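Encoded as structure tokens, the structure appears first; notes follow it.
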Amino acid sequence: MIDKYDVIVIGAGAAGLMCSIEAGRRNKSVCLIEHTSKIGEKIRISGGGRCNFTNLYSSNGNFISKNIHFSKSAFGKYDQNDFINLVNKHSIEFYEKKLGQLFCKKSAKEIIDMLIFECEKQHIKIKMETSINNISKKKDTYFIETNKGTYSSKSLVVATGGLSIPKIGASDLGYKIAKQFNLNVTNLFPALVPLTFKSDTLEFCKNLAGISLNASVTIGKTSFEEGLVFTHRGISGPSILQISSYWEEGKSISINLLPALNIYEILIQKRKNSAKKNVSNILSDILPNKLALAICNKLKINKKISETSNEELLKVTDFIHNWTILPDGTEGYKTAEVTLGGIDTNEISSSTMECKKHSGLYFVGEVLDVTGHLGGHNFQWAWSSGFVAGQNV
Ligand SMILES: Cc1cc2nc3c(=O)[nH]c(=O)nc-3n(C[C@H](O)[C@H](O)[C@H](O)COP(=O)(O)OP(=O)(O)OC[C@H]3O[C@@H](n4cnc5c(N)ncnc54)[C@H](O)[C@@H]3O)c2cc1C
């Protein structure tokens with residue numbers, strides 16, 4: 001017996017839920033298949049449990065993709081204001097943490113409950129703990145064979161997300177489906193992920209574990225100025241997570257530990273009016289104590305400022321404003337927030353999310369080669385792309 005639907009959506013995450021709701025609103029019969037026992041698990045763990053569900057300033061400029069214009073059409077149809085309206089309709093309280101990032105005041109669970117409520121309103125059939133064994137297409141119908149039976153539909157939406165955090169359900173099924181249907185998939189990398197280091201740099205970071213400060217981190221022409229945290233494995237924090245999406249093996253990153261000040265001018269001034277003070281004491285007025293001392297020890301310039309040469313002050317300046325380090329790798333998919341890359345957007349219509357080569361086959365959310373910066377952009381992409389597919393299935 002084959003269970004027939006208008007639409008089958010694979011993956012009950014942000015994009016799959018949004019797509020199901022929108023298709024349901026258009027009176028389509030929808031079956032949403034999820035292989036884990038939990039709906040929207042990434043939403044639950046996101047934003048430290050408070051879900052940074054969108055960003056006031058989200059636009060295609062906040063995304064990395066082979067085609068940076070791809071997301072424009074979806075944002076034109078459903079943007080952050082549309083999602084904020086939905087959140088308001090459900091009386092979910094939220095606040096702007098910084099830089100347009102909107103978080104739930106209470107809990108990410110409220111976003112999941114809202115999406116489940118909307119699914120129930122549209123009579124979406126959600127099949128949990130359902131694993132897919134085979135997918136085939138005969139004429140214009142897709143057949144999905146699972147451990148719970150076979151389902152068929154004219155429209156199949158792949159919303160399986162990326163590879164990050166496999167222990168809560170991430171899988172490569174979306175990419176496998178793409179390959180089965182001869183679609184190009186770009187190279188995949190863990191992104192929004194802490195960077196790891198070897199030898200000297202690792203020792204330096206380890207000794208400073210727990211210290212955080214505002215820093216500007218640069219690779220080539222791309223810079224992010226946000227928090228940076230020293231850890232036992234290297235460095236993390238928003239600025240590092242952001243730049244990790246631009247990092248490639250063998251590339252150094254440059255860190256400005258005091259982006260708002262000119263440390264050279266300060267040191268020259270101090271040499272005139274605080275001659276007896278140690279360089280580390282002067283630095284610890286502006287930088288965390290332990291970091292100031294570590295820099296001076298590393299450069300072997302731990303002496304009175306009056307005894308320093310211009311050359312030594314330039315060395316300190318260079319370290320503080322242009323600390324250049326070579327990452328050894330990243331912490332990988334076990335901690336990455338997203339997967340960089342995905343199904344090539346050239347394969348997909350940006351106005352419907354339908355595959356150009358196969359009618360009725362749609363891809364939405366993170367499984368596509370559309371990767372947002374940190375700050376609510378990835379969820380906004382999931383809502384926008386899910387909505388657009390839901391309008392067209
Ligand atoms: C720790 C963490 C924190 C994050 N915080 C934020 C944040 O605050 N703001 C933000 O914008 N983004 C955040 N992100 C990124 C964001 O969670 C994702 O970009 C977003 O969830 C992608 O939505 P999606 O629906 O495409 O995929 P997902 O939400 O990953 O959903 C995919 C669904 O498909 C299911 N699935 C996978 N394989 C199969 C299969 N074989 N069969 C059936 N079902 C399958 C999965 O179990 C999952 O339910 C965070 C990510 C992580 C890991």
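These numbers come from a predicted model, not from an experiment. Each ligand, and each atom within it, is numbered from 1 in the order the structure gives. The analysis underlying the following values was restricted to heavy atoms, covering all of them including side chains, and did not include hydrogens, waters or symmetry mates.
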Locate the shortest heavy-atom distance separating [X] from [Y]; write the atom from each residue and the value.
{"X": "Val393", "Y": "Ala23", "result": "CG2-CB, 3.6 Å"}
{"X": "Leu368", "Y": "Phe363", "result": "CD1-O, 3.3 Å"}
{"X": "Leu56", "Y": "Glu96", "result": "CD1-OE1, 3.5 Å"}
{"X": "Lys206", "Y": "His232", "result": "CG-O, 3.2 Å"}

Inset, instruction - Answer yes or no: does atom NZ of Lys179 have more than 12 heavy-atom neighbours from other residues, nucleotides or ligands under 6.0 Å? - result: no
Inset, instruction - Please check if atom NZ in Lys4 has more than 12 non-hydrogen atoms from other residues, nucleotides or ligands closer than 6.0 Å. - result: no
Inset, instruction - Give the single entry among Phe53, Phe379, Phe363 that approaches atom 20 (C) of ligand 1 most closely by any heavy atom. - result: Phe379
Legend entry - Option with minimal heavy-atom separation from atom 2 (C) of ligand 1, where the choices are Lys176, Lys42, Glu337: Glu337
Legend entry - Donor-acceptor side-chain pairing of Glu225 and Asn214 below 3.5 angstrom: yes
Suppose I only count heavy atoms of [X] and a 4.0 Å limit; which atoms of ligand 1 are within that range?
{"X": "Thr36", "value": "47 (O)"}
{"X": "Ile165", "value": "53 (C)"}
{"X": "Ile45", "value": "1 (C)"}
{"X": "Gly47", "value": "5 (N), 8 (O)"}
{"X": "Ala159", "value": "32 (C), 33 (C), 34 (O)"}
{"X": "Gly365", "value": "26 (O)"}
{"X": "Ala14", "value": "23 (O), 25 (O), 29 (O)"}

Inset, instruction - Could you establish whether Glu41 and ligand 1 come within less than 4.0 Å of each other, counting only heavy atoms on the residue side? - result: no
Is [X] close to ligand 1, meaning an N/O of one under 3.5 Å from an N/O of the other?
{"X": "Lys38", "result": "no"}
{"X": "Glu366", "result": "yes"}
{"X": "Ala15", "result": "yes"}

Write out the residue and atom name of the closest protein heavy atom to [atom], then the distance separating them to 0.1 Å.
{"atom": "atom 35 (C) of ligand 1", "value": "Glu34 OE1, 3.2 Å"}
{"atom": "atom 45 (C) of ligand 1", "value": "His35 CD2, 3.2 Å"}
{"atom": "atom 31 (O) of ligand 1", "value": "Gly13 CA, 3.3 Å"}
{"atom": "atom 41 (N) of ligand 1", "value": "Ser171 OG, 3.1 Å"}
{"atom": "atom 27 (O) of ligand 1", "value": "Gly161 CA, 3.3 Å"}
{"atom": "atom 34 (O) of ligand 1", "value": "Gly11 CA, 3.2 Å"}
{"atom": "atom 6 (C) of ligand 1", "value": "Ser46 CB, 3.6 Å"}

Inset, instruction - Of the side chain and backbone of Asn52, name the one, both, or neither that has a heavy atom under 4.0 Å from an atom of ligand 1. - result: both
Assign the ring pair [X] / [Y] to parallel, tilted or perpendicular, where the plane angle (0 to 90°) is split at 30° and 60°.
{"X": "His377", "Y": "His373", "value": "perpendicular"}
{"X": "Trp383", "Y": "Phe83", "value": "parallel"}
{"X": "His358", "Y": "Phe181", "value": "perpendicular"}

Inset, instruction - Can you spot which of Tyr95, Trp381, Phe94 makes a ring pair (Phe, Tyr, Trp, His ring centres under 6.0 Å) with Phe53? - result: Phe94
Legend entry - Pi-cation contact, Tyr151 with Lys127 (under 6.0 Å, within 45°): no
Legend entry - Cationic tip of Lys97 above Phe103 ring, under 6.0 Å, 45° of axis: yes
